[in-house]
2 protein chains.
Amino acid sequence: MAEQAEVLRRTPLSRDRILRAAVALADGAGIESLSMRNLAQDLGVVPMALYKHVANKDELLDGMIDVVVGEIAPPEPDTDWKPALRRRVLAARQVMRRHPWAPLAIEARNMATVAVLAYLDSVVGTLRAGGLSVDLTHHVMHAMGSRVLGFSQELFDDARRAGRSGAVESGPPAALPPEAAARFPHLAAVAAAASHDDDSVVGSGCDDQFEFEFALDLLLDGVERLHRRGWTSHGHR
Amino acid sequence: MAEQAEVLRRTPLSRDRILRAAVALADGAGIESLSMRNLAQDLGVVPMALYKHVANKDELLDGMIDVVVGEIAPPEPDTDWKPALRRRVLAARQVMRRHPWAPLAIEARNMATVAVLAYLDSVVGTLRAGGLSVDLTHHVMHAMGSRVLGFSQELFDDARRAGRSGAVESGPPAALPPEAAARFPHLAAVAAAASHDDDSVVGSGCDDQFEFEFALDLLLDGVERLHRRGWTSHGHR
DNA sequence: ACCTGAACACCGTTCAAGT
DNA sequence: ACCTGAACACCGTTCAAGT
């Protein structure tokens, strides 16, 4: 009876269930709360039990990264590489916003996981199908860097902020604190302009989405121009 | 006598000495070896003694970041903003190559330290002096992102690899392992092209410096074009 | 054969007891 | 008044002892 309840309570505990629980824990409580012990407790299991399904914590993180990257929507068949890539990167960005811990985790793990490779392969496929040379494609992938995965990698990224839960804890300062403003006048002027720049979003600092697309389009436009000119690296170095 | 030797052995232990020792430890043994306990041992001191000079480990990391960012050479007076910024970013990159742990540490700490603010302020100053509007300058800073600090943020960054000591431990694979090559044909083709692309550096994968400058110039050229056209964000959104 | 409690070797940090 | 050893509350992971 008590034994039967026990059996029911603990569902088989597959690797998949562990990974989903780990992602949920990191999403909800922050990546710094993700320990083998906490995760085991969330699953109603002794910590040691996890090691039957993941070799160690690093492999757990790799698995979590695969789960997240796997959420990025597949590319829609599109004739034009530029809007296709643009859409894909913005889709990746939406996924990363749902899992604010993911960018740093991916960078820290150096992203050699299977899901990441599959994603990158598909992006390369889009560029090649669009007529870009292998050479140019290679440089473009480097130029995009982690931006291709939707990272904003901005200087003051509130989303990435050691974030407890998904909630925005405190409004970004928008303008620098007065003490800092005096020491760094140029920075203060730019920050101040940003905060009352757009009338749409009041006092929210600045429009992250706009900034992301600004940078993305700057890169994509540059690539398109090089492509139209038949750019080759051999001619340059 | 023994007491006198003791006194001589342990130099006063200032905050500055702690920070320099911490940077040296991270450079030499990798950031994962940086613990309060290891650092104290390197300084011939009990761990608790460190807390007299730094409040906690996070403040220690902030101090280390300030040391590293402080190493970036000040801007040479230059009439033209574009080559000035280009040189500065490449100088920052050299510094980051000396301290491979720094980019990830800066991203993890969200870079609100004094030295980082001072650096950014100076970069903004360069752009403003070059005639860029506050508006455009703001967007440019976002578009550059952490690249302005010399981060390569590349997809497979060997330098950032959890690096034990400064030495290159194993040559990068350049081409993907055969198993992966079969699964990810597009990626494999690009990787293969990269490895025998340049004749200068044999088998070293690809030229990181070239890729960095490629991306940097793509951004700078785009910015210059916008600036010449008198670009304003109000006209676009 | 399988599972797991206790243990090991670490952390960052506190605090009261020593000088 | 100052310094610091022992201790606290954690880690990831091992391993032998239990079923």
Side-chain angles (χ1 to χ4, degrees), chain A residues 1-15 17-19 21-23 25-26 28-65 101 104-105 108-110 113 162 164, chain B residues 1-15 17-19 21-23 25-26 28-65 101 104-105 108-110 113 162 164:
Chain A
M1 349 270 123
E3 197 185 304
Q4 220 172 12
E6 264 294 295
V7 171
L8 273 177
R9 197 171 59 79
R10 56 173 73 176
T11 352
L13 186 61
S14 65
R15 179 184 157 91
R17 210 163 80 85
I18 291 177
L19 294 182
V23 169
L25 201 165
I31 190 74
E32 77 284 353
S33 301
L34 180 82
S35 70
M36 299 302 271
R37 286 162 137 100
N38 283 346
L39 177 57
Q41 188 175 287
D42 277 16
L43 288 161
V45 142
V46 75
M48 246 286 303
L50 301 176
Y51 288 86
K52 272 276 128 63
H53 300 90
V54 290
N56 48 43
K57 196 181 180 182
D58 280 348
E59 208 201 77
L60 175 74
L61 284 167
D62 281 347
M64 294 170 65
I65 290 171
W101 50 271
L104 206 57
R109 293 283 310 146
N110 236 30
T113 79
R164 26 168 76 267
Chain B
M1 350 270 127
E3 196 185 307
Q4 219 172 12
E6 264 294 295
V7 171
L8 274 177
R9 196 173 59 79
R10 57 174 73 176
T11 354
L13 186 62
S14 64
R15 180 184 157 91
R17 210 163 79 86
I18 291 178
L19 293 183
V23 168
L25 201 165
I31 190 76
E32 77 284 353
S33 300
L34 180 82
S35 70
M36 299 302 272
R37 286 163 137 100
N38 283 347
L39 178 57
Q41 188 175 287
D42 276 17
L43 288 161
V45 143
V46 74
M48 246 287 303
L50 302 176
Y51 288 85
K52 272 276 128 61
H53 300 90
V54 289
N56 49 41
K57 196 181 181 182
D58 280 348
E59 208 201 75
L60 175 74
L61 284 168
D62 281 348
M64 293 168 66
I65 290 171
W101 50 270
L104 206 57
R109 293 283 310 145
N110 234 32
T113 78
R164 23 168 77 268

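Per chain, numbering begins at 1; letters A, B, ... match sequence-line order. Fair warning: this is a prediction, and the values are worked out from it, not measured in the lab.
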What distance, rounded to whole Å, do you find between the two C1' atoms, one in dT13(C) and one in dT13(D)? 23 Å

Counting only N and O atoms by type, is there a donor-acceptor contact under 3.5 Å from the side chain of Asp62(A) to the main-chain atoms of Thr113(A)? no

Could you give the CG-to-C1' distance, from Leu50(B) to dT4(D), as a whole number of Å? 13 Å

Identified stems (criterion: three or more consecutive Watson-Crick or G-U pairs, under 3.5 Å), DNA chain D: C:4-8 with D:12-16, C:12-16 with D:4-8

Considering only the P atoms, how many Å lie between dG18(D) and dC8(C), rounded to the nearest integer? 16 Å

Could you tell me whether the side chain of His53(B) and the main chain of Ile18(B) form a donor-acceptor pair under 3.5 Å? no

Measure from the side-chain N and O atoms of Lys57(B) to the backbone N and O of Leu34(B), and report whether any donor-acceptor pair falls under 3.5 Å. yes

Please assess Met36(A) against Gln41(A) for the test side chain to side chain contact (heavy atoms under 4.5 Å, CB included), listing each intermediate value before the final yes or no. CA-CA 9 Å; Met36(A) 299 302 271; Gln41(A) 188 175 287; over 6 Å; no

Looking at side-chain heavy atoms only, is the closest gap between Lys52(A) and Leu13(A) below 4.5 Å? no

4.5 Å side-chain heavy-atom contact, Met64(A) and Arg109(A): no

Please encode protein proximity along nucleotides 11-19 of chain D as a string of B, S and -, counting only heavy-atom distances under 4.0 Å. BBBBB----

Trp101(B) side chain reached by Val23(B) side chain, heavy atoms, under 4.5 Å: yes

Do you know which two heavy atoms are closest between Leu43(B) and Ala21(B), and how far apart they sit? CD2-CB, 3.7 Å

